[in-house]
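Sequence lines set the chain letters: A, B, ... in the order given, protein chains first and strands last, and positions in each chain run from 1.
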There are 2 protein chains.
Amino acid sequence: MTDIELPDGSPFGPDNLPYGMYSTGDGAPRVGVRYGDIVVDLALLLDDPVFAAPTLNPFMAQGPARWAEVRERIQAAIEGPVPDEAVHPVREVRLHLPIAVADYVDFYASEHHAANLGRLFRPGSDPLLPNWKHLPVGYHGRAGTVVVSGTGIVRPCGQRKDPGEAVPAYGPSRRLDIEAELGFVVGAGSALGERIGVESFAEHVFGAVLVNDWSARDLQAWEYQPLGPHLGKSFATSVSPWVVPLAALEAARVPLPRQIPAPLPYLRGGGHWGLDVDLSVEWNGEQVSRPPYREMYWSPAQMLAHMTVNGASARTGDLFASGTISGPAKHQRGAFIELTWGGSEPITVKGEERTFLLDGDEVAISATAPGPNGARIGFGEVVGRVLPAV
Amino acid sequence: MTDIELPDGSPFGPDNLPYGMYSTGDGAPRVGVRYGDIVVDLALLLDDPVFAAPTLNPFMAQGPARWAEVRERIQAAIEGPVPDEAVHPVREVRLHLPIAVADYVDFYASEHHAANLGRLFRPGSDPLLPNWKHLPVGYHGRAGTVVVSGTGIVRPCGQRKDPGEAVPAYGPSRRLDIEAELGFVVGAGSALGERIGVESFAEHVFGAVLVNDWSARDLQAWEYQPLGPHLGKSFATSVSPWVVPLAALEAARVPLPRQIPAPLPYLRGGGHWGLDVDLSVEWNGEQVSRPPYREMYWSPAQMLAHMTVNGASARTGDLFASGTISGPAKHQRGAFIELTWGGSEPITVKGEERTFLLDGDEVAISATAPGPNGARIGFGEVVGRVLPAV
């Protein structure tokens, strides 16, 4: 048996305990929970067959009472000695996609981001479209290309049309960008025809991950009318390997910025689900942005209520992301197209003037949130390196 | 043992043999093949464990050589006596969703449809947007709400804003519509970073289904800018229970309408994948439209090549649909918004003037295609009845 040592100030203390899938050697993925710098095997720790699955989905499907019960059992078990074979230093394991993604929806919930893109793409007109303050605008993305942090991001090819040219050309994207986002994972789904009200958010949502919604701005600009983004986004979406339980974010709950005009009744109430999460974006190891999640206009509870108000079902494994997180200040913008104002105002990264991503670049997004009694809750990070087009 | 009798002129003869999932009594879904008016149990007919699965996906994943081999074995076995317990009249079984849908993408490949909607939504400007003839425009839909024919369609609620009003209201859709489409099912997927060229279409696509992409036009009109349709579509998408194998559509292959300007090289060649499929749309039992698939501008091989040209992977169970099928003539339009010109030109259905769908309405879309030697290949039908909003 082993006593796990928790490093001082670790953001993975007993109030966090995020879930993930890990493997060692050539072994199959297994469910683990992170405690300090250790991955603890849950099937071995708790002797529960639901943790013998190759994803978190069967456990997530069991619903909020089981999530709470298991969390308490982990908190109790992890303080004492745990079986040696359940203990792996996190640096010695391979981490996998934690969930089998059912549907993936990406929202557009930051007013600062939406207004910045409006100014860039529709100069001279209102930065926000008329619907923006009435509903959380969102669209479906490609679930099959959600990948775990560390997966190489091959520069996508596709059609792009330069403003001065009459016809599009085919080739690698020249405006490859990131979007720093928070993603929410549905554990307990809903039936077709059922609505998930804002007040029922915590009964359905299991936890949160970091998301990098890689975006090829040139492909996107040419393709997106009238049906929205497609190939400019569908080549890859990276998520962090650790799903932070919603219960670990209780101390991070804050009121939303004021919503004027007041939204329709189905989007009102349900308690505060603004979240005081601080993100950090590093470009080749240099911090270039600190997006504040607390600035988001729409809450994740409103996103889920909106997504199901038409009777659409939600499924275990559904992932919905916030859209780019941008604050009011320039150093709080969560996409390079905003940070560099469409590429017209380069920023300095490691001493070089930069706009969009070059081959070999690495982007790491990390985040923390307040926990109980002054502790910090860590999300870990979502990392990706750009590989040359093939 | 039973000799199955094939009714004269049946569109489900030995050159068709579509696959589906059926059950009897309280039993679990089983893989069946349709022959005439009979469902033949494939696990019993062929003694192959891949057909003991609850969806077609494991068989579809085995790839084109296996699809061809199994098709030959079925064609041989079905002519002789088959085990009694493998034989069920189709009217006595329950039919289920034939595939586990991975990602669902909906295209917009009919020039007549796209131009009609352009005229309705953007009067006075070019009916087609600048990108339309350069790439097959498409977007991701909600995989989790793809339902099998016969599933009731609850009228969706959501936000709609009448042109004369300043703010949106919440309520049941007042402009509920259909879209008659053909859908293509990926059997053998592709890896992240791999492209599926137009010439490789038949190595990846297992077969085709009929699709009714139910659309709440009022929700859609208010929400769709700038990220595309979401709640106006995500409440339900119905598919026919029978997957017609691609091999059964060989005799239906026809050249596309001429594509001017010539598309970029990655969208050229690969043989003719225009398809001479005739659809029929019945509204409460009265035929109101006959959409001709042969009029589609973009081929399904071009759709799949485009969808993966950025390196996005395809998975077993991916479903991609053509978008509304509309021909040049009024009686060939595959959506009621086109048939009734935005509701301004009602049509007569069973003696009543009608525009959009009322509660209790039933829509049935069926289709046939030419088979070898003058035979017809049937798709069966996709049916849905509108239920009141809840």
Side-chain angles (χ1 to χ4, degrees), chain A residues 102-106 108 117 121 129-131 134-135 137-145 147 151 154 156-159 161 167-170 173 189 192-193 195 216 219 222-232 234-236 261 264-266 306-307 309-315 318 390, chain B residues 102-106 108 117 121 129-131 134-135 137-145 147 151 154 156-159 161 167-170 173 189 192-193 195 216 219 222-232 234-236 261 264-266 306-307 309-315 318 390:
Chain A
D103 270 301
Y104 164 49
V105 171
D106 196 22
Y108 193 51
L117 288 217
F121 284 132
L129 289 170
N131 58 13
H134 293 280
L135 56 86
V137 170
Y139 70 103
H140 283 86
R142 191 163 186 83
T145 52
V147 297
T151 306
V154 176
C157 290
Q159 294 194 25
K161 193 177 85 65
V167 293
Y170 173 83
S173 170
L192 200 66
R195 296 185 183 96
L219 278 52
W222 171 235
E223 75 180 353
Y224 88 103
Q225 282 183 320
L227 301 184
H230 186 192
L231 299 207
S234 67
F235 55 97
L264 284 161
Y266 78 91
H306 183 66
M307 198 161 36
V309 77
N310 66 347
S313 49
R315 290 184 291 172
D318 280 352
V390 288
Chain B
D103 270 300
Y104 165 48
V105 171
D106 196 22
Y108 193 51
L117 287 218
F121 285 131
L129 288 170
N131 58 14
H134 292 280
L135 58 84
V137 170
Y139 69 103
H140 282 86
R142 191 162 185 83
T145 53
V147 297
T151 306
V154 177
C157 290
Q159 293 194 26
K161 193 177 85 65
V167 293
Y170 173 83
S173 171
L192 199 66
R195 296 184 182 96
L219 278 52
W222 171 234
E223 75 180 354
Y224 88 102
Q225 283 184 317
L227 300 184
H230 186 193
L231 299 207
S234 66
F235 54 97
L264 283 162
Y266 79 90
H306 183 65
M307 199 162 35
V309 77
N310 67 347
S313 49
R315 290 183 293 172
D318 279 352
V390 288

Counting heavy-atom pairs under 4.5 Å to chain A, which of [options] comes out on top?
{"options": "B/Phe121, B/Tyr170, B/Tyr108", "answer": "B/Tyr170"}
{"options": "B/Ala314, B/Gly193, B/Gly141", "answer": "B/Gly141"}
{"options": "B/Leu135, B/Val147, B/Val137, B/Thr145", "answer": "B/Leu135"}
{"options": "B/Val154, B/Val390, B/Leu219", "answer": "B/Val390"}
{"options": "B/Ser313, B/Gly311, B/Pro156", "answer": "B/Ser313"}

*Say whether, by atom type as modelled, one donor and one acceptor occur between the side chain of A/Arg142 and the main chain of B/Tyr104 under 3.5 angstrom.*
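Answer holds: no.
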
*Return yes if a side-chain donor-acceptor contact under 3.5 Å exists between A/Gln159 and B/Tyr266, otherwise no.*
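Short answer, yes.
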
_As an exercise, state the distance from NE2 of B/His230 to CG of A/Asp106, rounded to the nearest 0.5 Å._
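If we round to the nearest 0.5 Å, B/His230:NE2 and A/Asp106:CG are 10.5 Å apart.
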
*Could you tell me whether the side chain of B/Leu227 reaches within less than 4.5 Å of the side chain of A/Pro229, counting heavy atoms only?*
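A/Pro229 reaches B/Leu227 side chain to side chain.
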
*Determine whether A/Cys157 and B/Asn310 make a side-chain contact, defined as any pair of heavy atoms from C-beta on separated by less than 4.5 Å.*
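When only atoms from C-beta onward are counted, B/Asn310 and A/Cys157 do not touch, as no gap falls below 4.5 Å.
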
*Sequence-distant partners of B/Ser173, side chain to side chain donor-acceptor pair (under 3.5 Å), two or more places apart*: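 If we apply the side chain to side chain donor-acceptor pair (under 3.5 Å) test to B/Ser173, skipping adjacent residues, the hits are B/Asp218.
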
*Listed by chain and number, what are the salt bridge (charged side-chain N to carboxylate O under 4.0 Å, His left out) partners of A/Arg315, not counting sequence neighbours?*
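Per chain and number, A/Arg315 pairs via salt bridge (charged side-chain N to carboxylate O under 4.0 Å, His left out) with A/Asp103.
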
Taking every non-hydrogen pair under 4.5 Å, which of [options] racks up the most with chain B?
{"options": "A/Leu117, A/Thr151, A/Val105, A/Asn131", "answer": "A/Asn131"}
{"options": "A/Ala216, A/Pro261, A/Pro130", "answer": "A/Pro130"}
{"options": "A/Ala102, A/Pro226, A/Gly158", "answer": "A/Pro226"}

*Which heavy atom of A/Ser234 sits nearest a heavy atom of B/Ala312, and at what distance?*
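It is O-CB, 3.6 Å.
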
*Measuring heavy-atom distances to chain A, does B/Ala236 have an atom under 4.5 Å in its side chain, in its backbone, in both, or in neither?*
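Answer is neither: B/Ala236 stays 4.5 Å or more from chain A.
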
*Part of B/Val309 within contact of chain A (heavy atom distance under 4.5 Å)*: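 Both parts, backbone and side chain.
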
*Using non-hydrogen atoms only, which part of A/Leu231 is less than 4.5 Å away from chain B: side chain, backbone, both, or neither?*
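The answer is both parts of A/Leu231.
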
*At a heavy-atom separation under 4.5 Å, does A/Leu129 approach chain B through its side chain, its backbone, both, or neither?*
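Looking at A/Leu129, just its side chain touches chain B.
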
